Amino acid sequence: VWTSPTMLFQDADVSVDRYDPAVTDGGLTLVFVAGLPEEGADLFIVTRRRPNEEWGEPQPLEALNTDSDELGPAFSSDGQFLFFSSDRKGGNGGYDIWVAKRDDDQWSKPVNLGEGIGENINTPFDEIDPFIRRPIDVPGNTGENLHPAGLFFASNQPADGQPDSKLSRWRGTARAEYQSQRENYDIFLAQIKTENLPKKPQTEPEAKAEVNSEEEIKSEIESSPGSKLQREEGVTVSEGNKEFLNEFPWFFTQPQRLKHLNTNLRDAMPSVTQLGDYVYFSSNHQIGEGGFDIFSARWHPGSHRVPSNIGPPLNTAANETDPVLYSHGHEMIFSSDRGAGKTQTFQLFHSRTTEVIPIVEVAQVTPRAIGSF
């Protein structure tokens, strides 16, 4: 049960689009995007001292911004790494996924995920909306019940038999300005193949992780971390990025489409709960309140893998996009162009949820005596 959403920056200039939120530090740090693609879309950062306080004044994240677009930020669970997409120089074409390391207020030079980190994550098409979820060692999270961990993202790379098309506006995002344009975005998962975390070495045996339906593809996860030399073997890595790779904890497998989430329309902006039991995303699927809506789906059991529209008051006849959950899973920030003035810009909204547990009460009934009516 979600509360009626409230706008985050109520005194801000609503002529500027604000979207693509990312939250870390227990809800004390927020990074988001301001401005349209190809018109100066940049990352902004804002903090607060306590979770119940108002946000401060957002500032440009100058260490990561360029003259190109910076979109779709997402923090690792510890807040140490920030993933985002950009069409800056040094990519594979279109929008690529990049990552930068955070050390207090200092940021490393962003590195393209194609350099020694993943297998074919970035392509000549657009890879956007990254979200990282690392493996969590909890009871029951093994074997057939394993919740997949890895890099979730969206891409418009065409599937077999699909035509290649490009949007002229909101380029590098899944948002549709004109409904007649039919470009398709799908959600992908590049699973974590190796994880180098000295404080928490991974000792679980190999386990199968479901990626598509129960009967379809199940990818093998290599649980024993490989050495840094093994990770770089056979991969061309620039000298400037080798130091970054020594600190980066993950290596990703070949991305696969999450077929149980995707449609022939635009499915993007994935966000996964910390336990991995739910995935939230935005889609302009025909079954909705209108425009883009926020959907959710469980990983297990299989009967609950079909996405469902989370409905009002979060979803409206306007566009609702970019859902991101706080680490505890009971708060969400998302973007919407509802009631944002005549220009219908996207603004950031906040909502809380409370889990509703049904209770069944059984009353004692005294049997009627035979023959009494």
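A quick note: this is a predicted structure, and the numbers were derived from the prediction, not measured.
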Full working for side-chain contact (heavy atoms from CB on, under 4.5 Å) between Gln80 and Phe248: CA-CA 10 Å; Gln80 191 175 16; Phe248 191 74; over 6 Å; no
Derivation of the side-chain contact (heavy atoms from CB on, under 4.5 Å) call for Gln106 and Asp104: CA-CA 6 Å; Gln106 302 299 314; Asp104 293 329; 5.7 Å; no
Steps toward side-chain contact (heavy atoms from CB on, under 4.5 Å) verdict (Leu113, Phe83): CA-CA 9 Å; Leu113 283 196; Phe83 296 77; 4.3 Å; yes
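Under a 4.5 Å side-chain heavy-atom cut-off, the cluster of Ile, Leu, Val, Met, Phe, Trp and Tyr residues that includes Leu28 has no other member.
Proximity of Arg257 to Gln157: side-chain heavy atoms (C-beta onward) are separated by under 4.5 Å at one or more points. Taking 4.5 Å as the limit, every side-chain heavy atom of Phe81 sits out of range of all side-chain heavy atoms of Ile132. With a 4.5 Å cut-off on side-chain heavy atoms, Phe32 and Phe9 count as touching. For the pair Pro307/Phe281, a side-chain contact is recorded, criterion being any heavy-atom separation below 4.5 Å from C-beta on. The side-chain heavy atoms of Ser282 and Asp293, taken from C-beta on, include no pair separated by under 4.5 Å. Side-chain contact between Phe252 and Ile192 is present, with at least one heavy-atom pair separated by less than 4.5 Å. Put simply, the side chain of Pro130 reaches to within 4.5 Å of the side chain of Leu151, judged on heavy atoms. Asp126 places none of its side-chain heavy atoms less than 4.5 Å from the side chain of Asp96.
Val33 and Leu348 are members of different hydrophobic clusters when ILVMFWY side chains are connected at heavy-atom separations under 4.5 Å. Phe295 is connected to Trp299 through a chain of hydrophobic side-chain contacts under 4.5 Å among Ile, Leu, Val, Met, Phe, Trp and Tyr, so both are in one cluster. No path of Ile, Leu, Val, Met, Phe, Trp and Tyr side chains, each step under 4.5 Å between heavy atoms, connects Phe334 with Leu30, placing them in separate hydrophobic clusters. In this structure, Ile333 is not a member of the same hydrophobic cluster as Phe131, with clusters built from ILVMFWY side-chain heavy atoms closer than 4.5 Å. Under the 4.5 Å side-chain contact rule for hydrophobic residues, Tyr278 and Leu325 share a cluster.
For the residue pair Ser76 and Asp78, the shortest heavy atom distance occurs at OG-OD1, 2.7 Å. Scanning both residues, Tyr280 and Ile310, for their nearest heavy atoms gives CE2-CG2, 4.2 Å. Of all heavy-atom pairs between Ala41 and Leu71, the closest is CB-CD2, 3.7 Å. Across all their heavy atoms, Arg338 and Phe349 have their closest contact at CG-CZ, 3.7 Å. In plain terms, the two heavy atoms of Asn122 and Ile97 that are nearest each other are OD1-N, 2.8 Å. Contact detail for Pro21 and Val324: the closest heavy-atom pair is CG-CG1, 3.6 Å.
Remark: Asp13 engages Ser15, Val16, Arg18 in a side chain to side chain contact (heavy atoms under 4.5 Å, CB included) (not counting sequence neighbours). Under the ring pair (Phe, Tyr, Trp, His ring centres under 6.0 Å) criterion, Phe152 pairs with no residue, sequence neighbours left out. Residues passing the ring pair (Phe, Tyr, Trp, His ring centres under 6.0 Å) test with Phe75: none are found, sequence neighbours excluded. Listed by chain and number, the residues in a side-chain hydrogen bond (donor to acceptor under 3.5 Å, both in side chains) with Thr66 are Glu70 (sequence neighbours excluded). Shown here are the ring pair (Phe, Tyr, Trp, His ring centres under 6.0 Å) partners of Phe153, two or more places apart in sequence or in another chain: Phe188.
Gln191 and Gln256 form no side-chain donor-acceptor contact under 3.5 Å, judged by distance and modelled atom types alone. Side-chain contact check for Asp267 and Tyr185: no donor-acceptor pair (N or O, by modelled atom type) lies under 3.5 Å. When only modelled atom types and interatomic distance are considered, Gln254 and Asn120 share a side-chain donor-acceptor pair under 3.5 Å. In the model, Thr29 has no side-chain atom that pairs as donor or acceptor with a side-chain atom of Thr24 under 3.5 Å. Glu320 and Ser336 share a side-chain donor-acceptor pair at under 3.5 Å. In this model, no donor atom of one side chain and acceptor atom of the other lie less than 3.5 Å apart for Asn184 and Asn156. Side-chain contact check for Thr3 and Ser351: at least one donor-acceptor pair (N or O, by modelled atom type) lies under 3.5 Å. Glu289 and Thr316 are not linked by any side-chain donor-acceptor pair at a separation below 3.5 angstrom, with hydrogens and angles left out of the test.
Screening Ile294, Thr353, Val23 for a side-chain contact (heavy atoms from CB on, under 4.5 Å) involving Met332 leaves a single residue, Ile294.
Leu261 CG to Arg305 CZ: the interatomic distance, rounded to the nearest 0.5 Å, is 8.0 Å. With rounding to the nearest 0.5 Å, the separation of OG in Ser335 from CD in Gln347 is 9.5 Å. Here the NE2 atom belonging to His285 is positioned 7.0 Å from the CG atom belonging to Leu265, to the nearest 0.5 angstrom. In this structure, the separation between CZ on Arg298 and CG on Asp277 is 6.5 Å, given to the nearest 0.5 Å. Note that CZ of Phe84 and CG of Asp69 are 11.5 Å apart. Values are rounded to the nearest 0.5 Å. From Phe125, atom CZ reaches atom OG of Ser155 across 8.0 Å, with rounding to the nearest 0.5 Å.
Of the possible polar contacts, one joining the Asn309 side chain to the Gly311 backbone as a donor-acceptor pair under 3.5 Å is found. For Arg48 (side chain) and Pro51 (main-chain N/O), a donor-acceptor pair under 3.5 Å exists by modelled atom type. Asp337 contributes no side-chain N or O that, together with a main-chain N or O of Phe346, makes up a donor-acceptor pair within less than 3.5 Å. Judged by distance alone, the side chain of Glu127 and the main-chain N or O of Thr123 form a donor-acceptor pair under 3.5 Å. Without hydrogens or angle criteria, Arg266 side chain to Phe292 main chain gives no donor-acceptor distance under 3.5 Å.
Using bins of under 30°, 30° to 60° and over 60° for the plane-to-plane angle, the ring pair His328/His330 lands in the parallel bin.
Ion pairing between a basic and an acidic side chain is recognised when a charged N comes within 4.0 Å of a carboxylate O; Asp25 and Arg102 show such pairing. Taking a cutoff of 4.0 Å between a charged side-chain nitrogen and a carboxylate oxygen, Glu331 and Arg352 qualify as a salt bridge.
Around CG of Asp67, the count of heavy atoms belonging to other residues, nucleotides or ligands within 6.0 Å does not exceed 12. More than 12 heavy atoms of other shown residues, nucleotides or ligands fall within 6.0 angstrom of atom CD in Glu53.
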